[in-house]
Amino acid sequence: MNAQELKGRTKAFAHRCVKLALSLPKTKLGDHVNGQLIRCSTSVAANYRAALQSQSKAAFISKLSIVIEETDESEFWLEFIMDEELMQKEKIVPLFTEAHELSSIFIASRKTARQG
């Protein structure tokens with residue numbers, strides 16, 4: 001998967017998380033999780049784009065580290081939604097899996113960047 005494909009994949013992930021977040025129950029907890037999931041999932045896409053524009057290897061690695069943190073946080077909130085049974089698990093699992101896969105990709109990318 002090249003950088004442009006991954007850029008599209010992170011953007012699609014953000015869109016899917018936003019749609020899911022907006023369909024959470026309109027409760028105090030649902031509203032809180034809604035905001036958190038929207039913030040971190042959109043940050044994945046935005047910071048990956050910023051990483052691609054980095055002027056140095058150090059800046060790229062730094063931005064990629066932020067992407068990893070935000071992807072992991074997205075994974076946390078998706079898991080939290082399942083734990084709290086705020087939505088049917090079947091609706092969450094595909095996004096949870098995508099968050100985990102993206103996290104693995106970015107961790108491997110950061111490792112490669114550090115070695116190269």
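All values below come from the heavy atoms of this structure, side chains included, with hydrogens, waters and symmetry mates left out. Heads up: numbering here begins at 1 and tracks the sequence.
We find the CG-CH2 distance between Asp83 and Trp77 to be 11.0 Å, quoted to the nearest 0.5 Å. Atom-to-atom distance recorded for Ile68:CD1 and Ile61:CD1 is 10.0 Å, nearest 0.5 angstrom. Here the straight-line distance linking atom CZ of Arg114 with atom CG of Leu64 works out to 9.0 Å at 0.5 Å rounding. How far NZ of Lys7 is from CG of Asn2: 10.5 Å, rounded to the nearest 0.5 Å. Between the NZ atom of Lys91 and the CG atom of Leu86 there is a distance of 12.5 Å, given to the nearest 0.5 Å. Residue Arg16 holds its CZ atom at 10.0 Å from NZ of Lys19, rounded to the nearest 0.5 Å.
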Residues 92-110, side-chain donor-acceptor partners within the protein, below 3.5 Å, at least two apart:
| from | atom 1 | to | atom 2 | distance (Å) |
| --- | --- | --- | --- | --- |
| Thr97 | OG1 | Val93 | O | 2.9 |
| Glu98 | OE1 | Arg9 | NE | 3.4 |
| Glu98 | OE1 | Arg9 | NH2 | 2.9 |
| Glu98 | OE2 | Arg9 | NE | 2.7 |
| His100 | ND1 | Glu75 | OE2 | 3.2 |
| Glu101 | OE1 | Arg9 | NH2 | 2.8 |
| Ser104 | OG | His100 | O | 3.2 |
| Ser109 | OG | Ile105 | O | 3.0 |
| Arg110 | NH1 | Ser65 | OG | 3.1 |

Review item, side-chain donor-acceptor pairs of residues 46-56, under 3.5 Å, at least two apart:
| from | atom 1 | to | atom 2 | distance (Å) |
| --- | --- | --- | --- | --- |
| Asn47 | OD1 | Lys63 | NZ | 3.4 |
| Asn47 | ND2 | Ser43 | O | 3.1 |
| Asn47 | ND2 | Ser43 | OG | 2.8 |
| Ser54 | OG | Ala51 | O | 2.8 |
| Ser54 | OG | Phe60 | N | 3.3 |
| Gln55 | NE2 | Gln53 | O | 3.2 |
| Ser56 | OG | Ala59 | N | 3.1 |

Side-chain donor-acceptor distances from residues 27-38 under 3.5 Å, at least two apart:
| from | atom 1 | to | atom 2 | distance (Å) |
| --- | --- | --- | --- | --- |
| Thr27 | OG1 | Gly30 | N | 2.9 |
| Asn34 | ND2 | Ala21 | O | 3.1 |

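Closest non-hydrogen pair, Met1 versus Glu5, comes out as CA-OE1, 3.3 Å. Among all heavy-atom pairs drawn from Ala14 and Ser41, the shortest one is CB-O, 3.6 Å.
Lys111 NZ: 12 or fewer foreign heavy atoms inside a 6.0 Å radius.
Follow the hydrophobic side-chain contacts under 4.5 Å out from Val44 and you never reach Ile66; the two are in separate clusters. If you chain together hydrophobic residues whose side chains sit under 4.5 Å apart, Leu20 and Val18 never meet in one group.
Using modelled atom types, no side-chain atom of Ser62 and backbone atom of Ala58 make a donor-acceptor pair closer than 3.5 Å. Distance alone, capped at 3.5 Å, places no donor-acceptor pair between the Gln115 side chain and the Thr112 backbone.
Residues Glu70 and Arg39 form a side-chain contact, since some pair of their non-hydrogen atoms from C-beta on lies under 4.5 Å apart.
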